[in-house]
Amino acid sequence: MPGIGKTTLAWKVFNHPNVRDHFHCRAWCTVSHVYERRELLLEILSGIVGLTDEIRQMTNENLQLKLHQCLLRNRFLIVMDDVWDAGVWNELRNSFPDDANGSRILITSRLRDVAMQIEPDSDPHSLRLFSDDESWTLLVEKVFHGEGCPEELLLVGKEIAKKCKGLPLAVVAISGLLQRIEKSSESWGKIAKSLIAEVMEDPNARCMEILELSYKHLPGYLKPCFLYLGVFLEDKDIPVSKLIRFWLAEGFIHDSELKSLEGIAESYLMELISRSLVEISKKKSNGEVKTCRLHDLLRDFCQLKAKEENFFKVITRSDEPYVSFPSSDFGFEFDFGHYSDRVTYESYRLCIFLERDHFFESVPFGLGTRSIIFFPSTDSEPICPSDISFILRNFKLLRTLDFEMINIGITFPVEIGLLVHLRYLAVSGYMRSIPQSVANLRKLETFVVKGLRGQVVLPDNMWSMASLRHLHVNMHVAFKLDDKEFGGCCELGNLVSFSRLSLSCGEDTKNIVKRLPNLRELKCIFFHPWDSSQNCGQFPKLDSLTRLVSLNVSYVGRAITSEFVLPPNLRELTLSNFHLPWSHISTIGRLPNLEVLKLLLGAFEGLVWDMEEEQFKELKFLKLDDLNICQWNATCDHLPKLERLVLRNCKDLEEIPNDFAEIGTLEVIEVHWCGQAAEESAKGIREAVGDIEVIISSHLK
C-alpha cells in the first residue's frame, strides 16, 4: 500500500507491564510490502484471531467490519510506523472504534506534513536529539554494559559521544566499533580524530560518515557479508538461513577444521550483530537468531557502498528502460522491439526489485553476471507462470539464481542443467517432478523448490550431487527410486538440511536415511501405504542419522504401535498427528541432549499425562499445541532446566502444575487460546515467583 513508510506498517501491542495492565487486547503483527487494503486487513486480523476460511472469503468491507468488531470494547494500542502518505490512515481509520476507553493510535512519520494531514488540529510531537550527557550515558551502556567507563577513557569517550551530535543511531554505531578495538586512550583518540568537525549538518549524512568509519574497521572477511545485506527488502525481516546460504554460494565463507561452513557463517552474523550493524528481530526456540533486520540508514549505506565498489547493482522501476514501461496491473503485452538496444548488464551481481512482467518482457542479458536475486515489487505470490528460458541463454555463468518468487509453471526446464556454475538455485511452480538434468549442477549447494501443489519427485541421479548441502521443498518431496541405481553406493554426503521429505514406513526409508550420513536438520512426513501390511505400525528407524540435531515429523496413516527409534544426539524435536498414548513419550524423554520439544496437532492423545522421573533433564523449551490433555501431573523435578513453556489450543487443560513455580530457570509462560483454568494457573505461578513473564491470548468474544 503506497504510503506505509518505504515498506512497512507495524501493528504492535507492547509487553511493558504498565502497558499490559492498561490494554486488554494484545497481539503482534508486522505487515511488509503491503499494496492492497485487503492484504493489510488480513494480516492484522491474523494477529488477533487467526485466519479462517470464513475470514479469507470475506469482502474488503466485511473484513473492515470484522476488525472493527474485534477491537470493539477492547482497549488497544496500535502503532503505524514510518507513514509517508496520509492515504494509509484514511483507508483504515473507520476500522478502529472510538469507545472513549483509553485506546490509542500512535503514528510516526519522517514528514511533518503527513502528520498535519492526519491530525490537522494537533501539534505533532517531534523527537529531539540527545543531549551530550544522554549520548554519553548510552555509549557507556553499550560499550561497558553497566560496568562503568575506566578513568583514562572518560575525556576521549565524552569527546566521541559529543561528536555524535545527538543521533542515537550514531552513538550505537560507534559503540559497536569501540567494543571491538583496544580500550586505550590512544585507540579511542584515533576514532575521535576521524569524526572530523566538518561533517554535513544533514543528520543522515553525519550518520553515514560514522557508518563509513565502522565499515572501514570491519575485518576483510566481514565486509562482503555486511554489504550483501543490502540486497534484501527494506524494513523486512531477513531469514538467517537464507542469508547464510547466499553467503555460501557467493564464496564469502571459507573452510575451517573447527567449524562447519554454516557455523562459521553464524559466527560472522553474530559478529555483525555485536558491532550494532545488524539487529535481531526474531529468535528460534533454542535461542538462536531466526531473522535479523537492517536499519534503513544501514541499508542505504550498504547500497551506496555496493555501487561505489561495484559489489552489486540494484535495479528498480526508476531505472531504464523500466521507467517507461506501463503498469502491468492493468494488463499489457509489451513489445520490447520498440527499443533498439537490449538491456545489457555488466554487473557481477543483480538485485532486482521489479514487477515480474517488466523483468521478463525486457529479456535482459548479462554474460558476466554471476548472481540474480529477484524481489517482486507488487504482489507477494507468483500466480502466473513465467518463461525463464532466456535466463539459461543470456546468463550462462550464474552462480546464484533466486527465483523463489517466480512461477516457472508446470514443467521444470530441462535446460537448467546447462548452468553448470550454479551454487544456489531457488524456484517455484506447479511442477510435479525435477528432470534428471539437474544432476549436471555438480557445484550446486542449495536447491529450493517452492512447490505450489502436491508432491514433487526428485530424480534418482540426484544422489550424485556431492556438493549439495541444503535441499528444501515446501510441500513434500520424494525420490524416484530406480532399483539398480539406488542399490549403488552414491550418497549425499554433504547434505546438512533437508525438507520436506516424504518417507514410507518400509525398506525405502532405511535405504534413504543411510545415504544421508551428515544430515543435521530434517523435516519430513511419515506415511504408511494403505495397500501394504509391511511393518504395520512401525516407526521408521532413524538412529543411523547420528549427526541429526533437529527433527520435525508429521505422520499420515495407520496408528503407530512401536516405540520411537530416534538419533541419540537430537536436540530439537517436533511431532505432529501421531495420536499416540502418553506412555510412548518415555523414549523421547530419555534422549540425553533434547532441549526443544514441540508436540503439535494431536501428537499425543490422552486426558492425563503422568510425567516420569529421570527424563527431559536438558529440556529448555516445551510447546503443547492442539492436544486433548486435561490433567498434567508433574513437578519441578520433571523439567529442571525449563526456560519457556508455550501452551496453545489446549482448551481442556485444567491447570499448569503449580510446582513449576519452583523451576529456577523458568522465564516465560505463554498461554494462547486455552481455557480460563490454564490462564489462571499461569497467573498464579507469576504471583508466586514474581519475575516470570506470563503472556496470555484469549479468544475474543
Side-chain angles (χ1 to χ4, degrees), residues 241 244-245 248-249 255 259-263 265 423-426 433-434 436 438-439 441-449 451 455-528 535 538-555 564-576 591 593-594:
S241 58
I244 286 176
R245 291 164 196 166
L248 290 173
D255 287 321
K259 288 185 178 181
S260 67
L261 292 173
E262 289 75 16
R423 296 186 179 184
Y424 183 104
L425 174 62
S433 64
I434 306 298
Q436 294 215 356
V438 75
L441 307 178
R442 300 292 183 181
K443 297 181 180 180
L444 195 66
E445 298 172 348
T446 296
F447 187 26
V448 177
V449 180
Q455 179 174 275
V456 178
V457 179
L458 301 176
D460 50 22
N461 64 346
M462 279 198 70
W463 295 102
S464 64
M465 300 179 68
S467 298
L468 202 60
R469 301 184 66 84
H470 304 280
L471 177 56
H472 297 279
V473 180
N474 70 313
M475 301 294 278
H476 56 106
V477 62
F479 283 101
K480 178 183 178 182
L481 302 179
D482 181 276
D483 293 336
K484 181 178 179 181
E485 181 72 22
F486 198 66
C489 60
C490 292
E491 63 178 30
L492 295 177
N494 282 312
L495 197 70
V496 295
S497 67
F498 194 176
S499 67
R500 189 177 183 194
L501 179 61
S502 183
L503 296 171
S504 67
C505 300
E507 284 299 312
D508 286 347
T509 293
K510 181 179 178 181
N511 289 330
I512 288 174
V513 297
K514 74 180 182 181
R515 287 168 169 80
L516 305 171
N518 295 306
L519 199 64
R520 293 181 57 82
E521 300 176 16
L522 174 62
K523 186 175 184 179
C524 59
I525 300 174
F526 283 157
F527 68 94
H528 192 290
N535 295 320
Q538 297 297 308
F539 186 88
K541 295 183 178 181
L542 300 178
D543 51 336
S544 62
L545 298 174
T546 56
R547 299 199 175 188
L548 197 70
V549 296
S550 177
L551 175 63
N552 184 318
V553 191
S554 296
Y555 183 71
F564 291 107
V565 183
L566 298 169
N569 292 321
L570 209 60
R571 294 203 297 263
E572 302 175 31
L573 177 62
T574 301
L575 297 176
S576 305
L591 290 170
N593 302 306
L594 192 66

Original post:
What distance do Leu519 atom CG and Leu551 atom CG have between them, rounded to the nearest 0.5 Å?
Top reply: 9.5 Å
Original post:
Listed by chain and number, what are the side chain to side chain contact (heavy atoms under 4.5 Å, CB included) partners of Lys259, not counting sequence neighbours?
Top reply: Ile264, Ser267
Subject >> Partners passing side chain to side chain contact (heavy atoms under 4.5 Å, CB included) against Asn569 (at least two apart in sequence or in another chain) >> reply: Asn593
Original post:
Would you say the side chain of Arg571 lies within less than 4.5 Å of the side chain of Leu591, judging by non-hydrogen atoms?
Top reply: no
Original post:
Do the non-hydrogen side-chain atoms of His470 and Leu248 ever get within less than 4.5 Å of each other?
Top reply: yes
Original post:
With sequence neighbours excluded, what pairs up with Phe498 under the ring pair (Phe, Tyr, Trp, His ring centres under 6.0 Å) test?
Top reply: none
Original post:
Which residues satisfy the side chain to side chain donor-acceptor pair (under 3.5 Å) test with Asn518, sequence neighbours excluded?
Top reply: Arg547
Original post:
side chain to side chain contact (heavy atoms under 4.5 Å, CB included) with Ser464: which residues, sequence neighbours excluded?
Top reply: Ala439, Arg442
**OP:** Keeping to residues at least two apart or across chains, list the salt bridge (Lys or Arg N to Asp or Glu O under 4.0 Å) pairs with something in residues 468-477.
**Re:** Glu262-Arg469
**OP:** Check whether any side-chain heavy atom of Val449 sits under 4.5 Å from a side-chain heavy atom of Val477, and report yes or no.
**Re:** no
**OP:** For the residue pair Leu458 and Trp463, establish whether any side-chain heavy-atom pair is separated by less than 4.5 Å.
**Re:** no
Original post:
Hey, are the side chains of Leu542 and Val565 touching, using non-hydrogen atoms and a 4.5 Å cut-off?
Top reply: no
Subject >> Partners meeting side chain to side chain contact (heavy atoms under 4.5 Å, CB included) with Ser241 (sequence neighbours left out) >> reply: Pro239, Arg245
Subject >> CZ on Phe447 to CD1 on Ile434, rounded to 0.5 Å >> reply: 4.5 Å
Original post:
Who passes side chain to side chain donor-acceptor pair (under 3.5 Å) against Ser499, sequence neighbours left out?
Top reply: His472
